Amino acid sequence: MDAQRLKDNFAAVAGQGDAVALFFYSDLFVRNPHLRDMFPIGMTGQRDKLLRALGQIVAKVDDLPSLVPFLQQLGRDHRRFGIVAEHYPHVGASLLATLRHFSGTAWTEDVESDWNAAYSLVAKVMLEAADENALSSPAWWNGEVVAAERRRFDIAVLRVRPDRPLPYTPGQSVALEVPSRLRHWRYYSMANAPRPDHTVDFHVRLVDGGPVSPVLVRATKPGDRVRMGAPIGTLTLDESSSRDVLLVAGSTGLAPLKAILEQLAGRPAPPRVHLFFGARDRDGLYDLEHLSKLAAGLPWLTVVPAVSDEPAPDESGGHGFSALLGSGGGHGPDPEGIEHGDLPDVVARRGPWPGHDAYVCGPAAMVEAAVERLAASGVARDRIRLESFADAQR
């Protein structure tokens with residue numbers, strides 16, 4: 001298999017956009033009508049995921065130590081869709097037909113041989129991982145919603161009781177499916193460390209146009225059912241480290257960091273922990289009351305709330321402490337202890353943090369900016385943990 005030839009061919013094909021995935025699924029369903037019911041009614045998002053997954057596979061095709069774990073997770077994760085061994089040849093046939101169609105005169109026997117070899121490897125690794133996983137784990141967990149609390153118009157906190165223990169590590173996530181949006185799975189992080197009663201909390205923010213979050217935020221009530229996939233993710237605590245901890249959470253990115261905080265609280269001697277919790281405005285600090293109560297009872301925990309889109313009191317004519325002290329610019333806390341500014345800036349000015357392990361979760365732009373600010377201030381990048389689980393959603 002010529003890895004570079006494979007990459008060049010995929011680049012040429014993928015450059016033709018959404019038509020590639022549209023052709024693939026049309027070919028798959030025409031050849032195998034019985035497979036259509038395994039996919040959501042609306043296929044737009046599904047087509048995007050196909051090209052992303054193929055792109056990741058091709059990019060790593062000459063780096064097996066990176067590719068194999070990705071494929072193994074993909075194989076395990078696809079169990080929840082009902083994918084079995086007999087489906088793989090059908091997918092392979094339609095994939096080859098699609099690549100041949102969009103390659104035109106660039107399609108040769110050598111290119112076809114490359115793709116056959118690559119797909120054989122992909123199918124083998126995915127199937128072996130799925131079979132091994134089936135020996136110890138169900139394809140999904142059924143769950144009952146036991147509590148549903150709307151913290152604001154677009155954020156809900158849900159508590160779910162799975163039908164069997166759900167083994168996970170604080171910081172991990174599961175894919176959720178709701179009955180009214182079958183075959184649409186979206187990842188949400190557990191917001192608590194494992195409990196004796198096995199219940200798990202999810203912090204859900206409504207995404208406009210999303211197929212799952214509007215149902216979870218606006219319509220879910222106690223007694224409703226959900227399905228949960230197997231836990232995945234790498235935003236987990238470094239148990240070997242005794243360093244102090246920095247947690248940086250934007251909006252509902254708080255969920256996995258709150259689970260890690262609970263895990264730390266279970267240690268006989270927890271490290272010093274600074275938790276920065278940011279949102280656009282005060283209303284977005286939906287869990288601040290609970291976090292403040294935690295901090296009041298845990299002398300090793302400092303909680304720093306921050307808002308980015310509200311001026312500090314002295315900027316808007318108020319009588320905040322900064323105005324009384326004669327400082328300008330609106331930086332720092334207001335009388336309620338809330339910092340003003342973009343979350344990465346707030347974290348940076350409360351630093352430096354070179355002796356800490358950092359965990360960052362939230363909107364992509366915030367995470368990227370926070371990582372750059374932390375690295376620039378001396379925090380080693382291998383001590384900055386982010387969420388990087390494979391996007392195995394279909």
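Because the structure is a prediction, the values reported are computed rather than measured. Excluded from the calculations below are hydrogen atoms, water molecules and symmetry mates; all remaining heavy atoms, backbone and side chain alike, are included.
The distance from atom CG of Leu121 to atom CG of Leu64, rounded to the nearest 0.5 Å, is 6.5 Å. With rounding to the nearest 0.5 angstrom, the OG atom of Ser251 is 7.5 Å from the CG atom of Asp154.
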Listed pairs under 3.5 Å, donor-acceptor, residues 292-307 side chains, sequence neighbours left out:
unit_1: Ser292; atom_1: OG; unit_2: Leu288; atom_2: O; d: 2.9
unit_1: Thr302; atom_1: OG1; unit_2: Arg272; atom_2: NH2; d: 3.2

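Classified by interplanar angle (parallel below 30°, tilted 30° to 60°, perpendicular above 60°), the ring pair Phe276/His274 is parallel.
If you run side-chain contact (heavy atoms from CB on, under 4.5 Å) between Lys258 and each of Met190, Gln263, His290, only His290 comes through. Under the side chain to side chain donor-acceptor pair (under 3.5 Å) rule, Asn133 has a single partner from Gln72, Arg76, Arg79, which is Arg79.
Taking the six-membered ring for Trp and the full ring otherwise, the centers of Phe39 and Tyr25 sit less than 6.0 Å from each other. Taking the six-membered ring for Trp, Trp107 and His101 have ring centres at least 6.0 Å apart. Aromatic ring centres of Tyr188 and His203 lie farther apart than the 6.0 Å criterion allows.
With sequence neighbours excluded, the residues satisfying side chain to side chain contact (heavy atoms under 4.5 Å, CB included) with Ala19 are Phe102. With sequence neighbours excluded, the residues that form a side chain to side chain contact (heavy atoms under 4.5 Å, CB included) with Thr108 are Asp110, Val111.
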Exercise for the section: For the pair Asp27 and Thr98, evaluate side-chain hydrogen bond (donor to acceptor under 3.5 Å, both in side chains) and give the outcome as yes or no after the intermediate values. Expected result: CA-CA 8 Å; Asp27 185 86; Thr98 302; 5.6 Å; no
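Side-chain heavy atoms closer than 4.5 Å link hydrophobic residues (I, L, V, M, F, W, Y) into clusters, and following such links, even through other members, never connects Leu257 to Phe202. A single hydrophobic cluster is seen to contain both Ile83 and Val91, as judged by linkage of ILVMFWY side chains at heavy-atom distances under 4.5 Å, directly or through other members. When hydrophobic clusters are built by joining Ile, Leu, Val, Met, Phe, Trp and Tyr residues whose side-chain heavy atoms come closer than 4.5 Å, directly or via intermediates, Val84 is not grouped with Met126.
Counting only N and O atoms by type, the side chains of Asp63 and Ser66 include a donor and acceptor under 3.5 Å apart.
A cation-pi geometry, defined here as NZ or CZ lying under 6.0 Å from the six-membered ring centre and within 45° of its normal, holds between Arg227 and Trp140.
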